[in-house]
There are 2 protein chains.
Amino acid sequence: MPKIGVKDTRKQQLIDAAMESIAELGMQNTTIVSISKRAGLSSGIISHYFGGKQGLIEAALRHLLDQLGKELRVRMANNDGTPEQRLNCIIESNFSEFQRSALAAKTWLSFWARAMHEPGLKRLQQINNARLYSNLRYSFAQVMAPDEATAAARQTAAMIDGFWLRSALSLDPQENFEAGERLCKRFVQESLAQARAQASKTNS
Amino acid sequence: MPKIGVKDTRKQQLIDAAMESIAELGMQNTTIVSISKRAGLSSGIISHYFGGKQGLIEAALRHLLDQLGKELRVRMANNDGTPEQRLNCIIESNFSEFQRSALAAKTWLSFWARAMHEPGLKRLQQINNARLYSNLRYSFAQVMAPDEATAAARQTAAMIDGFWLRSALSLDPQENFEAGERLCKRFVQESLAQARAQASKTNS
DNA sequence: TTTTATTGATTGAACGTTCAATTAATAAAA
DNA sequence: TTTTATTAATTGAACGTTCAATCAATAAAA
């Protein structure tokens, strides 16, 4: 028998190498060779483990989404249930270290573009978008009227994605990401403050 | 001499065809044949007018940016100088009919992704990002303290781009664009209202 | 005729996929 | 222990396809 338990290791190696290649060369210039060389493996191995280049690309996106989900779950577990804290958690997990790395940022953007014309990727992307939105909406709805919560959630989701996009395209992504995180949190704070002011006025 | 004035016509035909192809097939599957066929011309003509496929791609992006700039200038000319009105103009021009079409949306996203790895496109993209930001900041600064204006401009710019992105990726781009425009305007309104409240408090 | 515009067949490079061959780790047999 | 059989893991050359770019040939205007 050959080495056993190597399968998952190899798969992860290839996924990492794929993201490195996409970040460095772009989706456009990422080839089976550019990936396998980075992983220190042969070109054939990609088809062996993922059925082809396309399969590896999808696996890489799934991996990014998993990271994002895990990030959120960890942070959610470590706080009480204040809407304010939960919203901060959501923002933080979207800007967390892993996600913030230039590697991930560039890879995301490539995926977004490709998702528009490949149903497999598009579905994954939409699930993720819907999750961000509904997480936000749930917390806002505990403090606001339904309509207000919907609006605030949509605005926040757009702001998060917008800062991501602009940061990835900027000359200094790191700095832009940090500023983006701060400004998203500030927006949420002020939305909540205004909602509370509104509520106390209605009650009196 | 040959037909005169055909040059610009052909160039525009090819730019339109390129955007159609990118919107339909994605940047990935757009070839000089898929473009030239849509334009009803031969494949060789692209190199003749644009020096190659890459040249046409850049010209198409430049065209999109020009449209955006023209859109803004027209709207700016038709209003007085209230910061509120100017900000609405900026938002409207970013969501205007031309820009809103699924064609433009898909093309934009493809450009964004590609811009990250091609200096020529990246420069164009950054000029555009900087213009949106500084237009916004200028108007906010007439009502707010400098720091506040910077923050509001950054938030608004991110929200605009974010709604663009999420709309382009959504199942119903049209509806999402419209909602996005409304919510961007609402955000600006509330930012201005809060700034004025702050100002009157400070004065008294 | 001269100049410009346009075509479309051709070329050569690049790419993803396939697969026969090799390697190396384990299990079973001697 | 040593030998043999078995099999997953891995390689990389070969193949067929796709594509951008080229260019000789043609058409049409001046």
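The chains referred to below are lettered A, B, ... by the order of the sequence lines, with proteins before strands, and numbering in each begins at 1. The shown structure was predicted, so the numbers you read here are calculated from the model rather than taken from an experiment.
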- Task: For A:Gln28 and for A:His48, locate the closest nucleotide of DNA chain C by heavy-atom distance; then report the residue assigned to the nucleotide nearer the 5' terminus.
- Result: A:Gln28
- Query: C:dT17, D:dA21, C:dT7: which one has an atom nearest the side-chain heavy atoms of B:Ser43?
  - Reply: D:dA21
- Would you kindly give the CD1-to-P distance between B:Ile32 and C:dA9, to the nearest whole Å? 14 Å
- Query: Picking from C:dG8, D:dT11, C:dG16, which would you name as closest to the side chain of B:Ser42?
  - Reply: C:dG8
- Item | Short side-chain N/O contact from A:Arg10 to OP1 or OP2 of D:dA9, under 4.0 Å | no
- Message: What contact category does B:Leu41 fall into here, base, sugar-phosphate, or nothing, at under 4.0 angstrom with non-hydrogen atoms?
- Response: sugar-phosphate
- Message: Checking B:Gln99 against B:Trp108: is there a side-chain donor and acceptor pair closer than 3.5 Å?
- Response: yes
- Between B:Ile45 (CD1) and D:dA25 (C1'), how many Å, whole number? 14 Å
- Query: Could you give the NZ-to-P distance, from A:Lys53 to D:dT17, as a whole number of Å?
  - Reply: 19 Å
- Task: Tell me what A:Tyr49 touches on the nucleic acid: a base, only sugar-phosphate, or nothing, going by heavy atoms under 4.0 Å.
- Result: sugar-phosphate
- Task: Measure from CG on B:Leu56 to C1' on D:dC19 and round the result to the nearest Å.
- Result: 15 Å
- Rounded to the nearest angstrom, tell me the gap between atom CD1 in B:Ile57 and atom C1' in D:dC19. 13 Å
- Query: What residues form a ring pair (Phe, Tyr, Trp, His ring centres under 6.0 Å) with A:Phe111, not counting sequence neighbours?
  - Reply: none
- Task: Would you mind checking if A:Glu181 and A:Arg186 are paired as a salt bridge, meaning a charged N to carboxylate O distance below 4.0 Å?
- Result: no
- Note on the structure: Rounding to the nearest 10°, end axes of the helix from C:dT1-D:dA30 to C:dA30-D:dT1 built from five pairs each make an angle of 10°
- Query: Is there a donor-acceptor contact under 3.5 Å linking the side chains of A:Ser43 and A:Ser36?
  - Reply: no
- Item | Aromatic centroids of A:Phe187 and B:Phe187 separated by under 6.0 Å | yes
- How would you label the contact of A:Gly44 with the nucleic acid (heavy atoms, under 4.0 Å): base, sugar-phosphate, or nothing? base
- Message: For a quick check of understanding: with a heavy-atom distance under 4.0 Å over all strands, which category does B:Ser36 fall into, base, sugar-phosphate or nothing?
- Response: nothing
- Mind checking A:Thr31 for me? I need base, sugar-phosphate or nothing, with any heavy atom below 4.0 Å counting as a touch. sugar-phosphate
- Note on the structure: Rounded to the nearest 0.5 Å, the CG atom of B:Asn94 sits from the CG atom of B:Asp161 at a distance of 7.5 Å
- Task: Would you kindly say whether B:Gln54 and B:Glu118 are connected by a side-chain donor-acceptor distance under 3.5 Å?
- Result: yes
